[in-house]
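Following: one structure in C-alpha cells, then a few remarks.
Worth knowing before you read on, the calculation uses all heavy atoms, side chains too, and leaves out hydrogens, waters and symmetry mates. In what follows, chains are A, B, ... by sequence order, proteins preceding strands, each numbered from 1. All values derive from a computational prediction rather than experimental measurement.
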Amino acid sequence: MKQVNRIVGGRCVDYDAEIGFTFNGKSYQGLRGDTLASALLANGVDVLARSFKYGRPRGIIAAGVEEPNAILQVGATEATQVPNVRATQQILYAGLVCRSTSGSPSLRWSLTGLVGRLFGRLMPPGFYYKTFMFPGFMWRFYEYVMRRVAGLGKAPTVKDPDIYDHLNHHCDLLIIGAGPAGLTAARVAGKSGARVVILDEQAQLGGCLLHMNNRIDGLPPATWLAQTLEQLTGLDNVLMLPGTAAVGYHDHNFIVAHEIVAHKTSGHKMAGHKIVNHAGRDDSPRLPRERIHKIRAAQVILATGAQERPLVFSNNDLPGCIQASATSVYIHRYGVLPGRRLVLMTTNDHGYQAALDWHAAGVAGQESDEKRGRARRQVVAVVDARPQADSPLIQAIRSAGIRVISGSAVIEAIGKRRVRGVKIAAIDSLGGSVTGKVETISCDTLASSGGWSPVVHLSCHTGSKPIWHDEYGCFVPGETIQAQHCAGAITGVMTLGSVLAQGAESGRVAALAAGFSLSLSDDDIPQAEAIEEAPGIQLFHLPHIKSTSRAPKQFVDFQLDVSAADIELAAREGFESIEHVKRYTALGFGTDQGKLGNVAGVAITARVLGKSIAETGTTMFRPNYTPISFGSVVGRDCGELFDPVRYTAIQSWHEQQGAKFENVGQWKRPWYYPRPGESMQDSLNRECLAVRQQVGILDASTLGKIDIQGPDVREFLNRIYTNAWLKLPVGQCRYGLMCGEDGMVIDDGVTAALGDNHFLMHTTTGGAAQILEWLELWHQTEWQELRVYFNSVTDQWNTATLSGPKSRDLLQGLTDIDLSGEAFPFMHWRVGRVAGIPARVFRVSFTGELSYEINVQANYGLRLWQMLVSHGEQYEITPYGTETMHILRAEKGFVIVGQDTDGSVTPDDLGMGWALSKQKRFSFIGKRGMARGDCQSRGRKQLVGLLPVDPEYLLSEGSQLVCDPAQIANMVGHVTSSYYSATLGRCFALALVKDGHRRMGETIYSPGVKSVSRATICEPVFYDPEGERQNV
Amino acid sequence: MLRIYCPHCAEYRDEEEFHYAGQAHIVRPADPDACTDKDWGAYLYFRKNPCGLHHELWSHAVGCRKFLKVIRDTLSYEIRESSPIGGKTAVELSLPPSMPPGSNDS
C-alpha cells in the first residue's frame, strides 16, 4: 500500500476495495468511498493547483463544498471532460483521470509563480482593470492569455455521452441538510404523516455525525445515525436524497437541487473501447449522470449547518494549511491523516477536536509507523489566541502531554511547497498586534479554526440579508417571507444538544404549518452528552510583526488570490460599501462564492473603516450555491427534444419528395422541392413558373385557424379588425387587417363567414397563439358583454392549396362543387366533397393566380394530397414551398406581417388605407392610435417596390437605403423582401422608404460592402396589378 | 418561479403555465376619438412601477386560457390574491376610496 497517509478507522471507506486513479498522468490508489480529495491526501499529494493571480502552490484546505483550491479537470476522454470539479465533492471511481488546470509549464515549475513572486507586490486590486485597459483592441489578446494563466479548465469539444434528467417534487416539508438537526426534524415530521423530502449535498447522510465523537442517546454517533436512517427508510412518506445539493432557493418555496447520480452507481470496471460515460461505466448507459430536482415545498427547513473559517495569517495558503474540522473529517470518514506533525491554531474550543483526533490517530498508528521507519504522527502544539481559556477539552489536550500556547497566534507559515514550520508570537487580547517574541516551531501541517460561518446562502437567494449575531460571532439568516425555518448550526448554535433540540422543534413547527399536528415526546428529542465549553473569541485576521502591506501575503479569498492587504487598500482607496469592496478586490467572486473568506473580508473592511461588522454588513450570495453542469440544466431538452416540432399530416410525402424544410414558429414547412442537379434558384424558378403557367400545390395547413362563434361575432370582428364585418354574407370571405391600440399592424389574414354566428379566422403561421390570446384579452377584460367564443382549430384541419391557371380544371375533376366563376366567385367558400372526402374549399389567393384552398379533417389530409397530386399529373402539377410562395406573393405586393412590417407600420404606411373602415360606429382597435399626429405626418416609412437598375442584382434583405450615395449614414429606409422573379425575368424587392409613396420613379441607393447599387422606386405590385388572374 | 392560483381552475399552478399581461385595471376610454393625443398616450404607454403591491393581469395561457387579476408584491414577489376579471377582490375593497385600484396617482 503506497498510501502514505492512510490510517485505520475511516468510517466511510472500504479498506478491501482499492481502486486506481490518475492525477497529472501519475497513477495512484484510493479506496472505495474516498473523495478525490481524500484519496490525493492519502497519497501525500500536496500541490494540486497554482493560484489564480500569483501562481502560488495550493493544496487541499477543506473537506466539503467550500474548498477553494483543489479544483481539477476530470475526465478520461474528450467527451467526458468536466472542468472545475472540486476534489472534495468528486467521489472516487475506478479509472478516474484528473489533472490540474493551472501551472505552466508544470504544476511544480510554474512561470506565473515566478511572476507572482517577483512582481506580486505590483499587482494591487484592480490590477487587471488598471493595466490592460489600453489599447482597447488588444483586449482580445490579453483575455486569451489571462484565461490560460488563470487556470479555468477546459470545456469538452465533443458530444456528451451521458444523459441528464429533471424531476418534479411536491412536498409538505423539504429539509435541506441531513446532519443532526435535519435528521431529527425529518424523524419528527415523518411521524406526522407529512410528505417529507430530506436531501444532503454529501453522498452519505449524516453531516457532522460522520466524523464527530459525541454520543447521542448514549450511542456512538455512527450507531445513532444508522438507527435514524433505518427509521426514516421505513417511512413511506419520507424521501431521502443523498448526494443532492440544494443549489437555489427561489420564490414561493421553489428549490432547485442537483443530484450526482453517477456517484452512487459507479461501477467497478473501465470499458476497453466502448463508449464510457463520466462515471467510467459502460454497464448501465441509460442511467442519468446527474439530475435536477425541482421541489415545490409547503415548508422548508434549512439545516445546512456551518462551515469553519480558517484564520488569516501570512502564507496561510501554503499546502499543509487546513481547516481544523477538515482534519477530523479526513481522519474519521476516510482514514486519512494528512501530515505528520500538526500545529493547531484556534480561537475557540471546537478547534481542539482536531488536535485530539490527530493525537489519537498518532498513538494508534505509532507501532506501524515505527515498523516502517516513519516519523511518528503527533501534535506539536496547540496555539490558542485566548489568553486564559480553560475547559475539559483543553485539559484533555494538556494531559495528553501536548503543549498549549495561550494568548498567542501563528503569525506566519514557513515553507515553499508545503508547510515546514510556523512562526508563533504572543498577541494582545484584541488580536491587533504582536506583543511577544517570535518563536519558530517545526511542523508539516497547520490546522486553524477561526469559528464558524453558518451556511446562510440558500436563505439569501430569496432576498433575505443575513444579519450579524454578535454573541455567536457569525452571520445568521435574516428575516424572510418564505415559509422557511432554520435549525441547527445555521442559526449559529453549535452545541450538539441544542442542535438536536432545534431540529426536533423545527420538524414539529414546520409540520404544523403544513397542516400536520403532533406533539413532541421526550423520545423525539435526542439527548447528547454535554461538553462544557469555554467561550471563543472573534478573531479573523492575525497580526504580524510587519504591517499588513509589508507582511508576507495573508490570504482571505484563496480562489481569487485576494489578500488582507488588498482589502485594506480597497478601503483606503475609498471603497466603503462591502459590495464595492467585493467588486474591486474580487473577494468572493470565485466559484466558491467566498465560502471561506467572506466573513474575514467583511471583518477586515470593518476594522479599516472603523465600523462594526454589523454596520458593514455582508454581500449577498446568489444561486447557485455550488456550480452545476450545463448538462443538468439542459436535462433532456437537447437534440431533437430541444424544442417541440410540429409537422403537418403531409410531412411524410414532403420528405419522400426530398423537400428542404424551413422552421416557421415550431412548424416544419417545405421550403422548396429540389430536383436532382438543381440549385435552389433553379427549383424556385421552376416552381414559380409552374404556378404562373400550370398549377402548383402548397401545404398551407400551418396557417393559424381560429374558430369564432356566438351571436356577437360580427360585432367583435368589427372592433378587432380595421375593416367592416357586419354585412359580410355567409358563404363569403374577407381579408382583414389587425392592429394594436397604437395603430400598428400586428396580423392579417382571411376570415370567412361560415354562418351568421360562426366565423373562421386565419392568422399568420407564427402568430396564431398570440392572436388567440389577443382576442381573449379583449373579450375577457374589455368586452365581456359580447357573446363570443374562440377555439384554435389549426391542428384539426389540413389545407392543400391549388394555385395556377389550371387549378380549376384539376379540382373540378375531383369534386362535386361547381367551380365555375359564376357559381363560386373569388373570395367565396363552398362545402362539398373533394376526392370523396368532406371538404371546405376557399377561393382565396396569396399568389395572385386562380387558387383553391381545400380544407379537410386533418387525418384525411395526406389522402387528399395524394389524390390531388396523382390526379394533377395530367396538368403537370408541381409542389411548391414557402420560398416560392414568398416570391409569388411579393410579385403581387402582398405583405408578410413581421417581414415587411416591424411593429411601427400602419395600414396607411402599407398603402392599405382601403382596409380601414371610416363608417364603423365603434372605434376599432388601432383607429385612435393611427390618428395620432406622428402617424399622419410626413416622413413616415412607407411600403414601396424597388427595381434594381441592374436587373440581375439581388438587393440584400435588411440592407440600408439612402438617397445620396455619398451620405450613407442618412438612411431613409431598408429592404424588407428581395427575390429573383422568373416570371419577371429580373430581381425585384419590397422596401420601407421614408415618404416612399411620393417618390415613385426616384432612384435610391443601397450601399454595399464594395459598391453602391441603384434601384428605382415603384409601386409594390409587379404582376397583374388589376388582379385579373385571380378573378377569372 | 412563482406559484399562481388560477381562480378559474381552482388550483395553484406554476408560473410557466401563465403569461404576464401587464398592469390590470387599464380602462379603455369610452370614446377614443375624443381623447387628446396626451390622454391617449397615457392610456397606451404610461404604467405604474410600484415598489409594493401591484395589480396585474395574467393569462392562464397553457391552462384554461382565462385571464385573471393578481395582486403581487413587487418587493417580495408574494402574491396576495388572485381573482377572476370583474368584481373586486378583498384587497381592493380594503383600499380607501380616494385610491381606486388602477389609479395612476398612487
Between B:Arg3 and A:Asn253, does the side-chain contact (heavy atoms from CB on, under 4.5 Å) criterion hold? Intermediate values first, please.
CA-CA 9 Å; B:Arg3 192 158 171 259; A:Asn253 267 7; over 6 Å; no
How about CG on B:Asn49, more than 12 heavy atoms from neighbouring residues, nucleotides or ligands closer than 6.0 Å, or not?
no
Taking side chain as C-beta onward, heavy atoms only, is B:Phe67 less than 4.5 Å from A:Glu776?
yes
Look at atom CD of A:Glu479 and say whether more than 12 heavy atoms of other residues, nucleotides or ligands are closer to it than 6.0 Å.
no
Bottom line for A:Leu772: the part with an atom under 4.5 Å from chain B's heavy atoms is side chain
Heavy-atom contacts under 4.5 Å, residues 922-931 of chain A to chain B:
A:Phe922, A:Ser923, A:Phe924, A:Ile925, A:Lys927, A:Arg928, A:Gly929
Determine whether A:Asp742 and B:Tyr45 make a side-chain contact, defined as any pair of heavy atoms from C-beta on separated by less than 4.5 Å.
yes
OH (B:Tyr5) with more than 12 external heavy atoms under 6.0 Å
yes
Over 12 non-hydrogen atoms of neighbours within 6.0 angstrom of NZ in B:Lys66
no
side-chain contact (heavy atoms from CB on, under 4.5 Å), that's the test. Do A:Arg932 and B:Trp40 meet it? Break it down for me.
CA-CA 9 Å; A:Arg932 281 183 353 244; B:Trp40 190 252; 4.2 Å; yes
Does the side chain of B:Glu78 come within less than 4.5 Å of A:Asp251's, by heavy atoms?
no
salt_bridge(A:Glu741, B:Arg28) N-O dist < 4.0 Å
yes
Count the heavy-atom pairs under 4.5 Å between each of B:Gly41, B:Ala61, B:Ala21, B:Cys35 and chain A, then report the option with the highest count.
B:Cys35
The interface call for A:Glu782 against chain B, heavy-atom contacts under 4.5 Å, is side chain
Would you mind telling me which of A:His779, A:Glu773, A:His250 has the largest number of heavy-atom pairs within less than 4.5 Å of chain B?
A:Glu773
Would you please test B:Asp73 and A:Ile481 for side-chain contact (heavy atoms from CB on, under 4.5 Å) and show each step?
CA-CA 11 Å; B:Asp73 190 325; A:Ile481 67 140; over 6 Å; no
Of the backbone (N, CA, C, O) and the side chain (C-beta and beyond), which part of B:Ser76 lies under 4.5 Å from a heavy atom of chain A, both, or neither?
both
Taking side-chain contact (heavy atoms from CB on, under 4.5 Å) as the test, write out the residues that go with A:Arg787, two or more places apart.
A:Pro711, A:Asp712
Given side chains that start at C-beta, do those of B:Ile26 and A:Thr781 come closer than 4.5 Å, heavy atoms only?
no
List in chain and number order the residues that pass side-chain contact (heavy atoms from CB on, under 4.5 Å) with A:Leu737, two or more places apart in sequence or in another chain; answer none if no residue qualifies.
A:Thr722, A:Tyr735, A:Val745, A:Asp748, A:Pro907, A:Met912, A:Ala915
Is there a donor-acceptor contact under 3.5 Å from the side chain of A:His252 to the main chain of B:Tyr77?
yes
At what distance, to the nearest 0.5 angstrom, does CG of A:Leu775 lie from CZ of B:Arg65?
9.5 Å
Is it the backbone or the side chain of A:Asn791 that comes under 4.5 Å from a heavy atom of chain B, or both, or neither?
both
Whatever's closer than 4.5 Å to a heavy atom in chain A on B:Leu2 counts as both
Going by the rule side chain to side chain donor-acceptor pair (under 3.5 Å), which residues pair with B:Asp14 if we only count those two or more places apart in sequence or in a different chain?
A:Arg296
Which atoms of A:Trp778 approach chain B - backbone, side chain, both or neither, heavy atom under 4.5 Å
side chain
